[in-house]
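These values consider heavy atoms only, across backbone and side chains, with no hydrogens, waters or symmetry-generated copies. The sequence lines fix the lettering, A, B, ..., with proteins before strands; numbering per chain opens at 1.
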There are 4 protein chains.
Amino acid sequence: MAIVSRVTDSPGTRRRGADKRRRLSAAAAQVLHHQGVERTTIADIAHAADVPVGNVYYYFKTKDDLVRAALSEHTARLEEITDGLDRLPDPRERLKTLVAAWVEQREVAARYGCPTGTLAAELDKRADGVLDREAGEVIRMLVDWAERQFRALGLPGAADHAITFVAAYQGMSLLSNALHDPEIMTSQGAALTAWLDSLT
Amino acid sequence: MAIVSRVTDSPGTRRRGADKRRRLSAAAAQVLHHQGVERTTIADIAHAADVPVGNVYYYFKTKDDLVRAALSEHTARLEEITDGLDRLPDPRERLKTLVAAWVEQREVAARYGCPTGTLAAELDKRADGVLDREAGEVIRMLVDWAERQFRALGLPGAADHAITFVAAYQGMSLLSNALHDPEIMTSQGAALTAWLDSLT
Amino acid sequence: MAIVSRVTDSPGTRRRGADKRRRLSAAAAQVLHHQGVERTTIADIAHAADVPVGNVYYYFKTKDDLVRAALSEHTARLEEITDGLDRLPDPRERLKTLVAAWVEQREVAARYGCPTGTLAAELDKRADGVLDREAGEVIRMLVDWAERQFRALGLPGAADHAITFVAAYQGMSLLSNALHDPEIMTSQGAALTAWLDSLT
Amino acid sequence: MAIVSRVTDSPGTRRRGADKRRRLSAAAAQVLHHQGVERTTIADIAHAADVPVGNVYYYFKTKDDLVRAALSEHTARLEEITDGLDRLPDPRERLKTLVAAWVEQREVAARYGCPTGTLAAELDKRADGVLDREAGEVIRMLVDWAERQFRALGLPGAADHAITFVAAYQGMSLLSNALHDPEIMTSQGAALTAWLDSLT
DNA sequence: CATGAATGAGTCTTCATTCAT
DNA sequence: AATGAATGAAGACTCATTCAT
């Protein structure tokens with residue numbers, strides 16, 4: 001191992017550095033989702049990423065930076081998902097497929113709620129309006145994507161429909177979480193799908 | 001009651017004591033709503049209630065007890081509201097009036113979210129799973145009340161409707177909060193009202 | 001009850017006052033023995049004596065006064081015991097009977113140690129040499145009584161014998177307590193009795 | 001060992017870390033002996049070890065862990081002593097030499113009592129019963145060592161003799177401490193030595 | 001770049017003692 | 001005298017952040 005690391009020294013280090021950053025971002029996204037921002041320590045994230053605590057600060061100057069990294073993770077994940085959905089020809093199918101994906105995640109939702117929604121809710125409790133704005137942007141992205149779909153369907157009130165659509169998701173996630181019942185995702189997901197079908 | 005309090009010895013003391021407890025509960029409900037549980041210190045609540053910090057513990061043994069007190073406040077407030085609504089003859093009117101009340105609170109929702117919803121979301125991040133159950137019960141109360149209204153309307157699927165109704169409220173509150181837009185409450189409130197009217 | 005307390009008002013109050021003081025002293029002696037001085041709160045003693053917390057200070061100005069009261073209780077108890085023993089004609093019998101009494105208390109010794117010895121040990125940790133002196137006096141009383149017995153037996157080295165005698169008791173109590181073994185009191189009591197018999 | 005430490009990376013840090021831990025353990029042993037567990041604050045120990053208060057928790061998670069460290073110190077010290085004594089050929093001499101060592105420590109005993117004995121007595125006041133067991137083990141170690149000596153002497157009743165031996169030490173320490181008289185150690189030490197000589 | 005260790009501000013909680021009635 | 005309530009000074013413990021190597 002000593003030889004290997006000596007050979008790939010400079011680029012290897014860079015690689016490993018980028019890898020650590022990625023691991024930390026991923027760990028932040030997950031741990032912050034599960035435990036919330038305030039109940040999560042830097043050490044928790046470091047441990048989950050298998051990075052020494054003191055080393056975290058080389059990649060992220062503050063805890064807030066780690067929260068930002070988590071938000072970026074969620075943004076990236078969302079983009080992945082919408083990119084995939086955009087390959088479907090019918091906008092209504094895209095929306096319905098997204099609902100199906102949410103329902104599939106019902107166990108996670110029941111246990112920890114929506115990653116972005118709970119994060120935004122927690123960050124909005126802060127007096128300083130810095131991070132909460134960034135959390136809102138992730139949700140805004142989803143709303144905007146949904147709006148594009150409703151618009152593509154030629155429906156009037158696309159903006160409101162988009163809000164209704166995302167609000168429905170956030171609402172069912174919160175209730176599923178608060179009542180510890182994943183089946184709320186199932187039944188409400190069906191209702192949301194029916195609503196999508198009813199729009200003409 | 002006036003007679004009783006005259007009879008009891010040291011009524012002043014008891015009065016003051018009960019008053020402080022009430023003030024602390026009210027302060028807890030408000031401050032926890034605004035700042036969240038983890039970012040709120042006992043000192044914050046004590047200050048808001050104008051009670052010396054050390055004295056808080058005479059009324060509430062732990063911080064969690066103060067959270068419980070806040071939940072009780074929310075329960076009490078919810079009961080007040082539903083009791084008032086129950087005086088309306090038509091269940092559909094009851095539901096619509098409640099929506100109107102939510103819309104009226106749009107500025108608060110946009111700033112801090114739904115008191116019970118955000119509290120439940122935060123408490124569900126805890127590993128222990130004690131308080132989160134209690135937070136869930138408050139939400140369950142609202143769901144149950146809504147279900148009774150849908151049932152009174154003679155509608156099938158009252159249970160699912162009730163979930164949809166409360167989820168819609170939680171969803172619009174969360175989005176309004178995350179996007180800092182009180183008008184989301186207005187537009188989504190209108191949509192929710194329209195939905196209620198459409199049910200036959 | 002109102003009538004009764006009105007009738008026996010003045011003397012009854014005095015009586016009750018003295019009774020409360022006695023109850024507090026007794027409670028202090030017991031609770032301090034079981035929990036130690038530092039781990040015992042005024043509230044603990046008040047509760048054990050069934051006296052309202054705020055009322056304790058009418059009888060005892062400080063916590064240290066309660067410790068003093070406990071020491072007095074032990075003094076009084078010791079005097080009772082030695083007075084009883086002094087009625088026995090033979091000094092050796094007195095000493096042996098005392099040992100037997102100690103052995104009988106073996107369960108208490110194993111659980112909490114010697115009341116006076118553990119109290120003295122704890123108080124001696126204090127920087128201010130106030131209460132520890134008073135605790136020493138109780139032990140000194142026992143040593144003096146023992147010395148009188150050895151002297152009455154016409155034995156040389158009565159002072160040293162007395163120290164040995166009391167030290168043996170303290171030692172077996174401490175070991176019984178530390179090792180949680182009441183039978184240490186039994187076996188060591190037998191050894192101590194044998195030693196008393198061997199002195200000529 | 002010099003070679004090893006040169007090889008290890010960042011030996012300075014490790015050294016300093018281990019050193020601090022050792023200093024904290026030693027400080028804990030001494031300060032807890034002098035002041036007792038309950039009257040000693042973490043800050044007291046930190047100050048005695050010349051370590052910033054907040055840093056103590058890097059080495060010891062809780063105050064109880066510091067108490068455990070103190071117990072370990074006492075265990076180590078006891079092992080050192082008995083290891084030294086075991087080099088003496090005659091078991092009786094070993095026991096008598098130990099007594100002599102105790103007598104030499106008479107000033108400390110008179111001021112603070114036996115480190116292990118007073119610690120065990122204080123810990124036994126706790127309801128939980130975790131640390132008290134560990135304190136008992138240290139005393140048990142001494143008893144066991146003594147028993148081996150008595151057994152090596154070919155004496156019947158070695159177990160009881162061992163208890164008597166250690167109890168005598170604890171008793172004379174406690175009396176010396178309670179009566180503030182170091183000479184009790186001297187005279188009782190002589191008596192104990194005489195007792196050892198008398199056993200055949 | 002890596003990392004164990006250091007720092008110190010902050011938070012919850014306890015409790016002896018005092019106060020007001 | 002009696003008593004619930006008030007007060008404030010600790011003390012244990014946590015943790016984000018920084019430092020030294």
According to the Watson-Crick and G-U wobble definitions, with both distances under 3.5 Å, which nucleotide is paired to F:dA9?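 For F:dA9, the partner nucleotide comes out as E:dT14, under the 3.5 Å rule.
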
Which base sits across from E:dT21 as a Watson-Crick or G-U pair, both distances under 3.5 Å?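 E:dT21 is paired, partner F:dA2.
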
C:H33 and its side chain to side chain contact (heavy atoms under 4.5 Å, CB included) partner, picked from C:T118, C:T116, C:T40: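 That would be C:T118.
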
Residue A:P52, side-chain atoms from C-beta onward, closest of F:dA6, F:dC13, E:dT3: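 The answer is E:dT3.
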
Give the nucleotide from the list F:dT17, E:dA6, F:dA1 with an atom nearest to the side chain of D:K20.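 From the listed options, E:dA6 comes nearest.
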
Can a side chain N or O of [X] be found less than 4.0 Å away from OP1 or OP2 on [N]?
X: D:Y58; N: E:dT7; answer: no
X: C:K63; N: E:dT18; answer: no
X: B:K61; N: E:dC12; answer: no

Using atom C1' of each nucleotide, how far apart are F:dT21 and E:dC1 to the nearest Å?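 F:dT21 and E:dC1 have their C1' atoms separated by 12 Å.
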
Quick one: label B:Y57 by what it contacts on the DNA or RNA (base, sugar-phosphate, nothing), any heavy atom closer than 4.0 Å. base

5′-ward residue of the pair C:N55/A:T41 relative to DNA chain F: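 Result of the comparison: C:N55.
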
Does some side-chain heavy atom of A:L119 sit less than 4.5 Å from a side-chain heavy atom of A:V138?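 The answer is no; the side chains never approach within 4.5 Å.
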
Quick one: which of A:R68, A:K61, A:K63 gives a salt bridge (charged side-chain N to carboxylate O under 4.0 Å, His left out) with A:D65?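 Exactly one option meets the salt bridge (charged side-chain N to carboxylate O under 4.0 Å, His left out) with A:D65, and it is A:R68.
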
